[in-house]
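Lettering of chains follows the sequences in order, A, B, ..., and the numbering in each one begins at 1.
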Amino acid sequence: MSRIAVIGGGIIGVATAYELAKLGEEVVLFEKNYFGSGSTFRCATGIRAQFTDEANIKLMKHSVERWERLEEELGADIGFNQTGYLFLATSEEEVEAFRANIKLQNRFGVPTRLIDMDEAKEIVPILNTEPFLAGAWNPKDAKANPFKTLFAYLRRARELGADAREHTEVVGLEREGDTITAVKFRSNGKVESVKVDAVLNASNAWEPLINEMAGLRRDLVPIKAYKHQLVKTEPLERGQAEPLVCPPAWEDAYIIQDGEDGGIICGAGIEHEAKSLEDVEPTYDFLRGVLRYAVRIAPPLRYAHVVRQWAGFYAKTPDSNPAIGKLLDNFYIAAGFSGHGFMMAPAVAQAMAELISKGRSKAPLDWEWYDPYRFERGELRSSAFQIG
Amino acid sequence: MRLNEHPVLRFERGREVTIYFEGKPLKAYEGEMIATALYAAGIRVLNYSPNEKRPRGLFCAIGKCSSCLMVVNGIPNVRTCITLVEDGMRIERQHGRSRLPTKAKPPEFKDAKVVRVDIIVVGGGPAGLMAAIHASRAGAKVVLIDENHMLGGQLVKQTHKFFGKREQFAGVRGVEIARILEEELRKSENVKAFLETSAVGIFQEGEEKLVLAVRKERELIEFRGRAVIVATGAMERMIPFENNDLPGVYGAGAIQTLMNTYGVKPGDRVLIVGAGNVGLILAYQLIQAGVEVKAIVEAMPKVGGYFVHAAKVRRLGVPILTRHTILRAEGKEKVERAVVAQLDENWRPIPGTEKTFEVDVIALAVGLRPSIELLHQAGCQIKYVRELGGHVAVRDEWMETTVRGIFVAGDSAGIEEATTAMLEGKIAGIAAALRLGIADESWVDEIEKAQRDLDEFRSGPFGRHVAEGIKKALVVGE
Amino acid sequence: MNEIPAYLQRGYITPEELFSIIPKPSEERLRKRPVAVPECPQEIPCAPCREICPTGAINMPTPNDLPIVDYDKCIGCSLCVQICPGLAFFMVHYVGDKARITMPHELLPVPEKGEEVVLLNRVGEPVGKGKVITVVPREKSKGDTPIIVVEVPIELAWDVRAVKVVRE
Amino acid sequence: MTGKKIVCRCNDVTVEDVERLIDSGVTDIEEIKRLLRVGMGPCQGRTCIPIVISILARKTGKRPEEIPLPKARVPIRPVRVEVIVGGADE
């Protein structure tokens, strides 16, 4: 049994802590704020396999399969619902692109299909069919409750012996050669140290700070925090806009009905580079901008009341694909999820835990595609499609 | 259930209209809210809660608590306590969460109206009115926004005369102070007041502050200026007890609104929880409106409000049970009874001391806390200060918060009195004009005079407690 | 912690408690003409009584001090009863075997001159009946509060502090 | 008859619900808020959050001063979507 430190109490860190504990490892997890406080609790809850490249399609197909069994495995309600994702085309060119994507997705077993607007209206009763020509529809895409999911993982991880600490900030790593030997952390103003056999940097937007503590260059894995925002309406009866509905041509704007209270979450690809890692202030231009798209997607939304606007980070790599893999002999990274950490977590956590614990993983994760050293080598992947 | 005669207030009603509640026609008057019209018609249950299907009625009566959501003309989640009746309106009880209509025309997009001034005052109660009056006297161009349809804040519901000194309106009724201040405000060409206008957020765009507001639930307005004075008053506290959500359990403010603003009788027999000034004053106001007050219960071993307010209701036969608390409300769909009990030294109910009161209304007057949402949202440093009623914005002696250009005054700066709210408003108004470089230095004297008046007011046993709290809320100098 | 005064535990003050805090006017003074007696035992920031008093009879160095009436200076004009925001000022005047109590009355109906009303003590109990001999309606009051003078048996002079108007 | 002691009207959360969650080890107000959805309904936490803070203080022995207030968000009161986009008038 090795002692493994996981840095970052978001969904990736907590899920990996669970997977490691399940493999019998001694896990200590550090979260400097409260669990989920980084990006996880700010996410739009969507889970999809509708990507446009082989690596992400395969990873997400596997992740969705993990999600399907997760409530049973964790023994808790996590609000997982396969309500689908519906992408909408506004032009013939887009319809063609959808067809090509669907073909690729179908090849790897993702059951997306092209639907007409009558069917789309049945799926989304408040949809405005008029601006759209067709939809790419995968009924297996899903959503889940980020709060319940994270705490279900956390509870099981703790039951399996993981030592998960919040309000505990990692302040230093001790390195001998290419090995990290200890983690220094501060809690209640006191700095302590723990000897470790391996360390996972799962701090997403905060990743460069942790890499620097490991003696690595901050820009080795060049992640930048981009502020993404969401606007949510008051609770509504469910069944009106269950899938995530997105016309990509409209700045990737989308709506999705919350699986818990039925409030409609409105997002868009309108992003701002964060001024700092404290800069999560929502902006007025986003509020108006996103709602103008939302009411065009679903006009009855005009009568709903907005109750909340918030911001979180997309921790983005230059190609919007995460960095997953080994950085030093016993120092690993899973970060830079570019807005996809929540949906990818079940697959990535499992693969990562196996890599750390056993040295390799048979999970369908393309290690080369996500190699954290690819930026150093100047290799960029095709940009991962970046919705919700 | 409508009040026609009152020893202090006069009720003017608008044109008679017909509204339909669950298909049944009801009489209502223009200018009143849906929930108050329904209340006057004896309807207590407005909706059933989302998960447990519990009956819910009016609660805050000022659009903050979500307890009055109904379906109006097919649209769900309408806050009926702040939505005016219209002839022919169709109103239905909402059962849990509701659906949007499936069809609607996409709205046309318009840019918001922009109003540019020097200073934006949010809140037209005593603090906000004084801030606006003095900021404009000091030379600033000011806009005052308030979500109600009349100025004066809580003053307009107060039938009693205020304390303090006569130059601070002592001996004048709350309703009358509101009228005087409004007249004063209207005299100045430099101030424009926007009523029925709610501030929903403050955004900072460089040096400029943008107060985003909604007028009449219909129009978006961008108020742009260099300083903002937040005088948003207070919120009522709630306490948990069994069936504390049963229709008939109301905040004291809601009862005052119903009774003194809309002239609707809240019920026949009332139990009041809390013998602070709010509870005591409410008891007296209920008696003035012809409602029987069965008792006032107070968990503390003494009356928390001014003794004279207690004596006023005692001599009209209202018992005050100190060291007592409410255990539960009882009733099917609405309050029929209240059960109270005596408390021991550790605040635990003493078994066997239960008493039942046959009442149809339970009024909660268990304290106020500052309304700081806007300040908090704007990024002002917030601190919990028990003596000031809860979380407040940290500020300096001129009422400026830790965000430059955002000032605070009145109950939103700490729960106190209308008199101190007015003095703080005066300080904040002048200070904002001074710090923007609009007012000349001679205005500092006016601030100092107001500070002396505040010190004098706070020199008694009630005020000393507040003064202690204010010390904790002050920015420590660099 | 200080002992909590009994009047704060109950919400009313007995004459004994009151006169342990302020002096009681002499019998002689009470017979001479009406005299103002404030039932205001708590230091609250309030001063209109002092400010309105035409003879400077109310001693109160700061608004947070208790009002102490100089009974010799008091001319019984009732302005303090009219202005007091706490409705805590009363006037008492002994006339023969009756006492005339001047008190605020902010409730409806306002009694009429000559009307017989039910007398209430400090806890609202009916203690007898008395006749209203003067009514100053709100419009004529200098403090916006209607006041009435009610005649009560002299032994109830220090008990009656409110009235109830009972009409058919 | 025993009834529920409601903390949050928007989501029917009771005192017992909050206490149970705290007993299970969740003591950060931000986490309590999200797991029970107190303060996430249409009232935006005006009524419930102070009560949650007092329960949390009582159960954990913390002083209210030590419990951070969850962030207030725009809009601080609910606003119709059509008003924000600017088309409520037609």
Study note, to complete from the structure: Heavy-atom nearest pair, A/Gln309 first then D/Pro75, reads N-CD, 4.4 Å
Review point. Is A/Leu301 close to D/Glu82 at the side-chain level, that is, under 4.5 Å between some pair of heavy atoms?
Key: no
Practice item. May I ask you to name which of A/Tyr303, A/Phe151, A/Phe41 has the most heavy-atom pairs under 4.5 Å with chain D? Key: A/Phe151
Check your understanding: Nearest 0.5 Å, what's the CD1-CZ distance between D/Ile76 and A/Arg308?
Key -> 14.5 Å
Practice item. Indicate yes or no: at least one non-hydrogen side-chain atom of D/Cys10 is less than 4.5 angstrom from one of A/Pro235. Key: no
Check your understanding: Which region of A/Val295, side chain (C-beta onward) or backbone (N, CA, C, O), has a non-hydrogen atom less than 4.5 Å from a non-hydrogen atom of chain D, or is it both or neither?
Key -> side chain
Review point. What heavy-atom pair brings A/Val307 and D/Gln44 nearest, and what distance separates the two atoms?
Key: O-NE2, 2.7 Å
Point to revise | A/Tyr34 versus chain D, the contacting section by heavy-atom distance below 4.5 Å | key: both
Review point. What is the distance from atom CD1 of D/Ile84 to atom CZ of A/Arg292, rounded to the nearest 0.5 Å?
Key: 11.0 Å
**Study point:** Under 4.5 Å from a heavy atom of chain D, the part of A/Tyr284 involved
**Key:** neither
**Study point:** Residue, of D/Glu30, D/Glu31, D/Met40, that accumulates the most heavy atom pairs under 4.5 Å with chain A
**Key:** D/Glu31
Review point. Judged by atom type as modelled, is there a donor-acceptor pair below 3.5 Å linking the side chain of A/Glu234 to the main-chain atoms of D/Gly41?
Key: no
Exercise for review: Heavy-atom pairs under 4.5 Å with chain D are the metric here; pick the option from A/Thr233, A/Val231, A/Asp261, A/Asn33 that has the most.
Suggested key: A/Asp261
Check your understanding: Who among D/Lys71, D/Arg34, D/Arg73 has the most heavy-atom pairs with chain A under 4.5 Å?
Key -> D/Arg34
Point to revise | Proximity breakdown for D/Arg37 and chain A, heavy-atom pairs closer than 4.5 Å | key: side chain
Exercise for review: Answer with side chain, backbone, both or neither: which region of A/Asn145 has an atom nearer than 4.5 Å to a non-hydrogen atom of chain D?
Suggested key: side chain
